[in-house]
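In what follows, every chain begins at residue 1, and chains take the letters A, B, ... in the order their sequences are listed. Quick note: numbers below take in every heavy atom, side chains included, and nothing from hydrogens, waters or symmetry partners.
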Amino acid sequence: MNRRLMAFLTLLLGIVPPAFAEGSGSIDSGDTAWMLTSTALVLFMTPGLALFYGGMVRSKNVLGTIMHSVFAMGLVGIHWVVIGYSLSFSKGNSFIGGFSHAFLNGVGVEPMGSIPHLAFVAFQGMFAIITPALITGAFAERMKFRAYVAFVLLWTTVVYAPVCHWVWASDGWLFKLGALDFAGGTVVHMSSGFSALVAAIYIGRRVGYPKDQILPNSLIWTVLGAGMLWFGWFGFNGGSALASGALATLAFVTTQIAAAAAAMAWAFAERIRTGKVTVLGVASGMVAGLVAVTPASGFVGPMAALAIGLAAGVICYWAICLKPRFGYDDSLDVFGVHGVGGTLGALLTGVFASTYWNANGKDGLLLGNFDPLLVQALSVVATAAYAAAATWIILKLIDIAGGVRISQAEEREGLDLTQHGETAYHL
Amino acid sequence: MNRRLMAFLTLLLGIVPPAFAEGSGSIDSGDTAWMLTSTALVLFMTPGLALFYGGMVRSKNVLGTIMHSVFAMGLVGIHWVVIGYSLSFSKGNSFIGGFSHAFLNGVGVEPMGSIPHLAFVAFQGMFAIITPALITGAFAERMKFRAYVAFVLLWTTVVYAPVCHWVWASDGWLFKLGALDFAGGTVVHMSSGFSALVAAIYIGRRVGYPKDQILPNSLIWTVLGAGMLWFGWFGFNGGSALASGALATLAFVTTQIAAAAAAMAWAFAERIRTGKVTVLGVASGMVAGLVAVTPASGFVGPMAALAIGLAAGVICYWAICLKPRFGYDDSLDVFGVHGVGGTLGALLTGVFASTYWNANGKDGLLLGNFDPLLVQALSVVATAAYAAAATWIILKLIDIAGGVRISQAEEREGLDLTQHGETAYHL
Amino acid sequence: MNRRLMAFLTLLLGIVPPAFAEGSGSIDSGDTAWMLTSTALVLFMTPGLALFYGGMVRSKNVLGTIMHSVFAMGLVGIHWVVIGYSLSFSKGNSFIGGFSHAFLNGVGVEPMGSIPHLAFVAFQGMFAIITPALITGAFAERMKFRAYVAFVLLWTTVVYAPVCHWVWASDGWLFKLGALDFAGGTVVHMSSGFSALVAAIYIGRRVGYPKDQILPNSLIWTVLGAGMLWFGWFGFNGGSALASGALATLAFVTTQIAAAAAAMAWAFAERIRTGKVTVLGVASGMVAGLVAVTPASGFVGPMAALAIGLAAGVICYWAICLKPRFGYDDSLDVFGVHGVGGTLGALLTGVFASTYWNANGKDGLLLGNFDPLLVQALSVVATAAYAAAATWIILKLIDIAGGVRISQAEEREGLDLTQHGETAYHL
Amino acid sequence: MKKVEAFIRPHLVEDVRAALTDAGVKGLSVLEARGFGHQRGHTEFYRGAEYQVLFVNKVKIEAVVLDDQIDAVVSALLRVARTGKVGDGKIFVSTVDDAIRIRTGESGNAAL
Amino acid sequence: MKKVEAFIRPHLVEDVRAALTDAGVKGLSVLEARGFGHQRGHTEFYRGAEYQVLFVNKVKIEAVVLDDQIDAVVSALLRVARTGKVGDGKIFVSTVDDAIRIRTGESGNAAL
Amino acid sequence: MKKVEAFIRPHLVEDVRAALTDAGVKGLSVLEARGFGHQRGHTEFYRGAEYQVLFVNKVKIEAVVLDDQIDAVVSALLRVARTGKVGDGKIFVSTVDDAIRIRTGESGNAAL
Ligand SMILES: Nc1ncnc2c1ncn2[C@@H]1O[C@H](COP(=O)(O)OP(=O)(O)O)[C@@H](O)[C@H]1O
Ligand SMILES: Nc1ncnc2c1ncn2[C@@H]1O[C@H](COP(=O)(O)OP(=O)(O)O)[C@@H](O)[C@H]1O
Ligand SMILES: Nc1ncnc2c1ncn2[C@@H]1O[C@H](COP(=O)(O)OP(=O)(O)O)[C@@H](O)[C@H]1O
C-alpha cells in the first residue's frame, strides 16, 4: 500500500489518536442523553423551518422554498464535518479556527466536559445547518437553485464559521471580551438576519411586489412549522448548557416563557392596529420570542424572559409593519424577526443577565453594571457589519459567476417547475 | 430607586430566596434529561392536537380551529407562570392553592425530588396548556374568538387550577383521599371532557347540523396530529413519574400498549357495525386508548393496559355512535373520547391497580379491594360535576358580556375569514 | 375463583415472578432516559413513513397508503406484546424464540443491562412496527385492506420474528456467527426490501403503469415524512446502543453524516443524469443514507459513514433508474431504497468496521480481515432468500383465502373510497 | 334544448340539486367558480398587510334541459337559491344544438 | 363555429385529448366538475355517521371547433370516452358567434 | 345579450377584471382550467422518470354582457391579456337567450 492510500484509509476509518484530549471529565449518561436529545431536536427544526417558510409562499414556489431549508441538511451537514467544525472550533487565531479538525481529524468519543466530543460536534453542526436556511426566507420565490447552493457553501465558510469562532471558541475575540450569547443570538440570528436584509436588497423585489396579492399557499404548514420550531428550540437553548441539570432547565423554561409571551404580545399589537388577531401573527410571534430569548436563555430568570418575550412580540411586529416604507422585499421577514429579534435579545441579555441565575454569566444593567451592555452592543455591531458586508460580496461574486436570480418568465412559472421540475400539489 | 420599582426589578430578575426548599434531594442528570424531554414532548402535543382537530373541520374553519389550540400555548403559557402554577401547586387549602408562587416567586432550580423545581413547573405547565385546548373541539366552527380567549382564561383559573390542586397537590382533598391519577385522567381528560359536553350543549348545534354534509377538509392532518399526540403522550405519561427509571418505563409501556389496543378495538367495532375500517376511526381509537390509560399508566401492568385499551376503543366508539340520539353537537367528539375515555380510565385504574407494579399505588378491585374503586368513582363524580357547573357559569358570563357565538352569516363564511381575516388554502 | 379465571387475572395484572432475571446490572437514569427517548423517536418514524409514502401516491390513495403504516402501529403493537417479542427474543432454538415471554409473561422492570427490561421490549417493538410498514410501499395503490392486515400479521410472525432472532438473540445462528447489524440493516431493511420486491412482482403493476402519469398528490408530505424519519432515526440507531454514552453518540453521528452524504450524492447523480435536482430526490437520498448506515452505525467511524452515505446515494438512485427495465412496479421503490441500501450497508459494515470505534465490533476488510465481509454476505443472502420465499408463500395463501388485489374498477376509484369510505381532501 | 347556467352560493348546491331534480332535471354538473359583482369580497391580512380580495366563492351549475322544462327550472332556482342578499347570483339561459349520451350514443332529447 | 362541451370520466382525459388532436382539434380546455345523473355516488363515513355523496367527479372538456369538424369530434369522443357503464357522460353542442386569438387578434376560423 | 368566454393566463386575472370593469361590465365569473394548444407544457420528474405534462394552467373568464358592450369587452381583453407569446389564449363569443338575477327575479338586460 502506498502512502496516499494509507492516509486515505486512516482518515476513512478515523483511526487517528485524538490530537488533544478536550477537557478531562468523564462521560455522564444523563448529560449525554440530554445532549443527544437536544441535537435531534435541533435537527428537527430545519424541516420545521422548511414548513414555516414553505407555507407562506405561493403554491408554485413551495417545494423550492422547502428545498432551501432541507438541502442545507445535506450540504452544510457535510460541510461541517469536512471543514466547518474545524474552522469554527479548532485552535486558530481570535478571528477563525484552523484546519486541525478538518474531516473530524482527531475527534472521537473522548470526554469534553461530561459528554463525548462527537456529541458536541453534532450539536453544533445542527446550528450550522439551520443558520443559512434562515436567510433563505429573504430571497424566497426568486433565487436560482445553483446560486443558492453556492451561497450556502460560501456563507457558511466565510460568515458562519468565523462569527461562531468569535463568540464561542475559547480563543475568539468576542468570547475573550466576555460577550454573552447563550445559544446563538449573534451567531445564529443576527448573522442570518442582517445577511437576509442585504440579500433581499441585493436580489431585488419579486415581480409584482407589492402590487399583486401574494397570498400564502397554506398557513397550516406555517403553524406546524412554528410548532416544530418551538419544540426543537428546547434543544437549541436547553442543549446549549452542554449538560443536563439546573442550567439546561433554566434555559428550557426561559425559552418556553419568552415564546408564549411574544406570541401574545404580537397578537395584542395586531389586535390594536388592525382589529384582528391572525394565525400567522401568533406563529410569527412565537418565533420572534424564541429568537429574542436565545442569547439570554441561560443567563436570565423566568420573569426577565417574560419581559424579553413581550418586547420581542411588539417590536418585531412593528419592524415588519414598517418594512413597506423602505421598499425592499424581505419576503418572509427574516430581518424583521431574526435581525431585529436577535439584536433585541443580545442587548437585553446585557440588561437582564444575573449571576443569581448563572454564576458563569454576568450581572447586567438592571443590577447596575453598564459594561455587559456595552460588550453586547459591540458584538451586535461587529456581527451585523461583518455579516452584511460579507453577504454582499458573496452575492456579487455569484452574480458575476452565473447570476443569482431567475428570469421573469421563470419567476412567473415558479421555482418548483423551473428549478426542480416538480409541482407541489396534484390534488 | 423607590420601593415599587425595586420590587418590580426584583421580580423581573427573580432574585428572591426560594420561599421554601421543595424536598431535599439533589439533581440527577438522567432524571432531569428525561423530564426536559418529556416536557418538550408534551408541548409538542398541542400543535398535534391543533392538527388532529384542524383536519376534521371544513376548510373554511381550519385555521380558526388550529388557533384554538396554538393560541393556548401562549395564553395559558403566560397564565401558568403568572398565577396558574401558584393556584395549582402552592400551599393553600384543600380546594385551591395560594399566591405564594405567583410570578414564579420563590421558584428556582433548587431540587424537587431529583429534578430542578422549574422543570416541574414547566412540565405541569404543558398540561395546563393542552387541557383547555382539548375542550375547543366541542364548540368548533362557531365560537367567537374573543369569547374563546375569555373562556380559556377563566376556565384555567376556575376549573383547571382547583381540580389540579385537588388531585395532585399534597394538601388537595382528593389527593388526601388517595385518589389515583397518574397522569391526568381526571385533571386533564374528565375535566375537559365534561366541560366540552356542557359547552356543546350551551353553544348549540352548528348551522346545518346534522342535515348538511360536514366533511373534514383533510384527514391527513388528523392522522399526523394523532401521530404527534401518541409521540408526545410518552412524555405526558412517562414524564409523570417525575424521574427516569423503572416507573417511567412502566408508564411508557402501558401507554404504548393501550394506544395500540384501542386503535384495533375501535377499528374492529367499526368493521362490525359499518363493514369498513376508517382512517379516522383508527386515529380516534389511538387517542381514546391514550386517554383511558392516562390515569392508570403508572399503577397497572402491561396486560391491564391491554385490557384498558381494548375497552376504551369499543366504548368510546359506541359513545360516539350514540351521540346523534341526544341531539347535541359535540363537533369533534371531545366528550365521547375524553369524557367517556377519561371516566373509564379513572374507574379501571381502581380495578387494575397493583402494588406489584407501583409500590406507592394501591391494590385494586381485581386484587380484592373495593375501596380504591369507590375513591375513583368519587373523584369522577366530583370532577365531572364541578367542571360541568363551572363551565356553564363561565359561558353564561361571557355570553352576557359579549356573546359566545358568531352570527349565522359569519358561520357560513367560516371562522378563518371572519375571526382572523385569513384563508387556509390558496392552492 | 376457578383456576382458569385465576390464571387470566394473574396475566392481566402481570403478577408473575420474572422467569429469569435478565442480566444483573442496576438501572441507570441517564441510560433509561435515552432509551425511552429513543423508543419514542422510533415510534414517531411510523407516522413519518406514512407521510413519506402518502405524499407520493395519487390523491385518491393517500389515506389508504397512510393507513398501511399507521394501522401497523396498532396491529404489530399488539402482536409484539402478545407473541412477537417472545418469538424474537425469548430462549428458543437458533432459528426462532419460544413462548416463554408470550403476553409479556415474566417481563417486568427488572434491569437488563442498565435499563428496565420493559424498555428493551418497547424499543424493539417499535422496530417490529415499522418493518412491515416499509414493505407496503411496494404494493401501494392496489392492495385489499383485508389482505394487508393478514399480510402484516403473517409476515411479522413468519419473517420478522425469526430474522430478528437470528441476528439479535444470543442463541440466533447469525448472532453466533458474529454477523454485524448494529440497528437493523438485515433485520429491518433487507428483510423488508426483498419482501417488497417479491410483493411488487406478485401483485403486479398498477392499472395504467407505466403509461399513465402517476403524479404525487403532494411532495410536501413526503419531505415532512423524510424529516420525521431522519429525526426518528437518531433513536433507531442511537438507541441501538441500549444505553447513553459514547457508543450511542457514535451511532448518532454516523447516522447524521450518512444521511447528509446520501442526500447530496443522490442530488448530484440526478443533476448529472437529468440536469435537475428534485426535492423528491433529496428526500429519497436522505432515506437511502439512513438505511445504508443502519447496520454500520455503531461499528464504524464518521468518515466511513461519509463514504457509506455517498455510496448509498449514488447506488440507490441508480437502482431506481434501472427499475423500469425490469418491468415490475415497486411503486414507492422499497426495493431500490431498502433492499439495495440495506444490502449495501450490510456489506460495507464488513468493510469499514473497526474495533477502534467499537471494541465489541470487528476489524473489517479495510483493516485486512476478509472474514467479517464473508459473514455479512452470508447474512445478506440468507435474509434475502428467506424473506423473499416466505413473502411469496404468504401472499399466495392470502390470495387463495380471499384475494390480495382490489378490482380494476376499485383501483380506478382509489383505495380511500373503496377500502375506507373516506376522501383525503375536501378543500 | 336549453342550457341553464347558474352562479349560486356554494352552500346551497345540495338544495338546488334537490329542487332541480324535483323539477324533472335528470342530470346536471357543478363547477367551482369565483365571482365578481355587486357583492363585496373580503379583507385578508398577511403579516400586517391588508389585501382586498374582490372575488367571492361561487358554484356554477350547468344543466341542459328540455325546452319545456326551462320555466320550472328557473323558478326552482329562484325559489331555492334566493336569500335576498346581494350576491345570490345569476341564471343564464342559452340554446343548445344537440346533446349526445356517450354511453349509448343517443342524441337529442333522449340523451338528457 | 361550434362549441363542444363534454362531461367525461376524469381518468380518460388524456385519451380524449389525443383522440381530439387526431380528429384535427388544435386546442381545448379542461375544467374540473362534479356531476349528478344516473350514476350513483358513494358513501363516506365520518366517525360512525354515513354520508351519501351524490356527486361524482367528472371532467369537462371544452373545445370550439370548425363546423365541419363536429362529426369527427363527436365520434372521437364516443369512441374514446365510452366504457359502456352508467356515468360515461354527455356531449353538448352549441353555436359560437365568434372566436378571437388574444395573441394575434385574429378572429373567426383563423383563431382556432 | 352575449356571453364572452375567455381562456387567459392565470396571473393576468386581476388586470382583466379591472379592464372589464372599466369597459362597463358589472359582473363576471372566473373558473380554473387547464388548456392544451400551441403552447408547450412542461416536464416533471418523479424519481428519475420524466413526464411530459401537456396541459397548461389557465383561467376561464365568463361574462354575460350587453350586445353593445361586446366590442369594448373584446378590445379590453386584447389589450390586457396579451403578452404576445404563445399561450395568450382565446376569446369566444356566443349568444345568450336570457339572464335572470336570482336575488330580485329581474330578467333580461336589467339582470346584468
Ligand atoms: N354578467 C355576469 N356574467 C357572469 N357572471 C356574473 C355576471 N354578473 C354576476 N355574475 C355572477 O353572479 C355572482 C353574483 O353577482 P352579484 O352582482 O354579486 O350579486 P347579485 O346577483 O345579487 O346582484 C357573481 O359573483 C358572479 O359569479
Ligand atoms: N342534463 C345535463 N346537464 C349537464 N350535465 C349533465 C346532464 N346530464 C348528465 N350530465 C353530466 O354527465 C354525467 C354522467 O351522467 P349520468 O346520467 O350519470 O350517466 P350517463 O350519461 O351514462 O347516463 C353527470 O355526472 C353529469 O356531469
Ligand atoms: N379550440 C379551443 N377551444 C377551447 N379552448 C381553446 C381552444 N384553443 C385554445 N384554447 C385555450 O386557449 C389556450 C391557449 O391556446 P394556445 O393554442 O396554447 O395559444 P395561442 O392562443 O397563443 O395560440 C389553451 O391553453 C386553451 O386553454
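Under the 3.5 Å distance criterion, the side-chain polar atoms of B:Thr32 are left unmatched by any main-chain donor or acceptor of A:Gly245. A side-chain donor-acceptor contact under 3.5 Å links B:Glu422 to the backbone of A:Val279. Judged by distance alone, the side chain of A:Ser218 and the main-chain N or O of B:Tyr425 form no donor-acceptor pair under 3.5 Å.
In terms of non-hydrogen atom pairs under 4.5 Å with chain B, the most contact-rich of A:Gly238, A:Pro216, A:Ala33, A:Pro302 is A:Pro216. Contacts with chain A were tallied for B:Leu43, B:Ile78, B:Val109, B:Leu36; B:Leu36 has the most, counting heavy-atom pairs under 4.5 Å. Most heavy-atom pairs under 4.5 Å with chain A, from the set B:Pro116, B:Pro47, B:Gly125, B:Gly54: that is B:Pro116. For the set A:Ala265, A:Ala246, A:Ala263, the entry with the most heavy-atom pairs within less than 4.5 Å of chain B is A:Ala246. The most heavy-atom pairs under 4.5 Å with chain A, out of B:Gly421, B:Ala122, B:Ala424, B:Ala50, come from B:Ala424.
Annotation: the span from A:Arg271 atom CZ to B:Phe145 atom CZ amounts to 9.0 Å, rounded to 0.5 Å. Remark: A:Met264 CE to B:Met73 CE distance equals 10.0 Å, nearest 0.5 Å. Atom-to-atom distance recorded for B:Leu427:CG and A:Lys60:NZ is 14.5 Å, nearest 0.5 angstrom.
Between B:Ser29 and A:Gly30 the shortest heavy-atom distance is OG-CA, 3.3 Å. Taking both residues in full, the closest heavy atoms of B:Ala40 and A:Phe252 are given as N-CZ, 3.6 Å, listed atom of the first, atom of the second, then distance. Across all non-hydrogen atoms, the minimal contact from A:Ala267 to B:Phe71 is CB-CE1, 3.9 Å.
For B:Trp80, no part lies near chain A; criterion is any non-hydrogen pair under 4.5 Å. For A:Asp31, the parts lying under 4.5 angstrom from a heavy atom of chain B are both the backbone and the side chain. Of the atoms belonging to B:Met126, it is side-chain heavy atoms, and not backbone ones, that fall under 4.5 Å from chain A. With a 4.5 Å cut-off on non-hydrogen atoms, A:Ala261 touches chain B through its backbone and its side chain both. Neither the backbone nor the side chain of A:Val300 comes within less than 4.5 Å of any heavy atom in chain B. Residue B:Ser59: no heavy atom, backbone or side chain, is found under 4.5 Å from chain A. Looking at B:Leu75, the atoms closer than 4.5 Å to chain A (heavy atoms on both sides) sit in the backbone and in the side chain alike. With a 4.5 Å cut-off on non-hydrogen atoms, B:Val70 touches chain A through its backbone and its side chain both. Heavy atoms of A:Leu247 lying under 4.5 Å from chain B are absent altogether. With a 4.5 Å cut-off on non-hydrogen atoms, A:Thr37 touches chain B through its side chain but not through its backbone. If you measure heavy-atom distances from B:Leu63 to chain A, the contacts under 4.5 Å come from both the backbone and the side chain. Only the side chain of A:Phe44 has a heavy atom closer than 4.5 Å to any heavy atom of chain B. Contacts of A:Phe352 with chain B are made by both backbone and side-chain atoms, with heavy-atom separations under 4.5 Å.
You'll find the side chain of B:Val81 reaches within 4.5 Å of the side chain of A:Met303, heavy atoms only. Taking 4.5 Å as the limit, some side-chain heavy atom of A:Ile257 sits within range of a side-chain heavy atom of B:Leu104.
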For this session: Take A:Ile220 and B:Leu51, measure what side chain to side chain contact (heavy atoms under 4.5 Å, CB included) needs, and give me the verdict at the end.
Result: CA-CA 8 Å; A:Ile220 309 179; B:Leu51 297 184; 3.9 Å; yes
For this session: Report the C-alpha distance between A:Val282 and B:His420 in whole Å, list the side-chain angles of each, state the deciding distance to 0.1 Å, and finish with yes or no for side chain to side chain contact (heavy atoms under 4.5 Å, CB included).
Result: CA-CA 11 Å; A:Val282 170; B:His420 309 293; over 6 Å; no
Problem set entry | side chain to side chain contact (heavy atoms under 4.5 Å, CB included) assessment of B:Leu224 paired with A:Leu224 | CA-CA 10 Å; B:Leu224 171 56; A:Leu224 171 56; 3.8 Å; yes
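Near-neighbour residues of residues 227-234 of chain A relative to chain B, defined by a heavy atom under 4.5 Å from a heavy atom of that chain, comprise A:Gly227, A:Met228, A:Trp230, A:Phe231, A:Phe234.
When the options B:Leu118, B:Thr39, B:Ile115, B:Ile27 are evaluated for a side chain to side chain contact (heavy atoms under 4.5 Å, CB included) with A:Thr249, the one that passes is B:Leu118.
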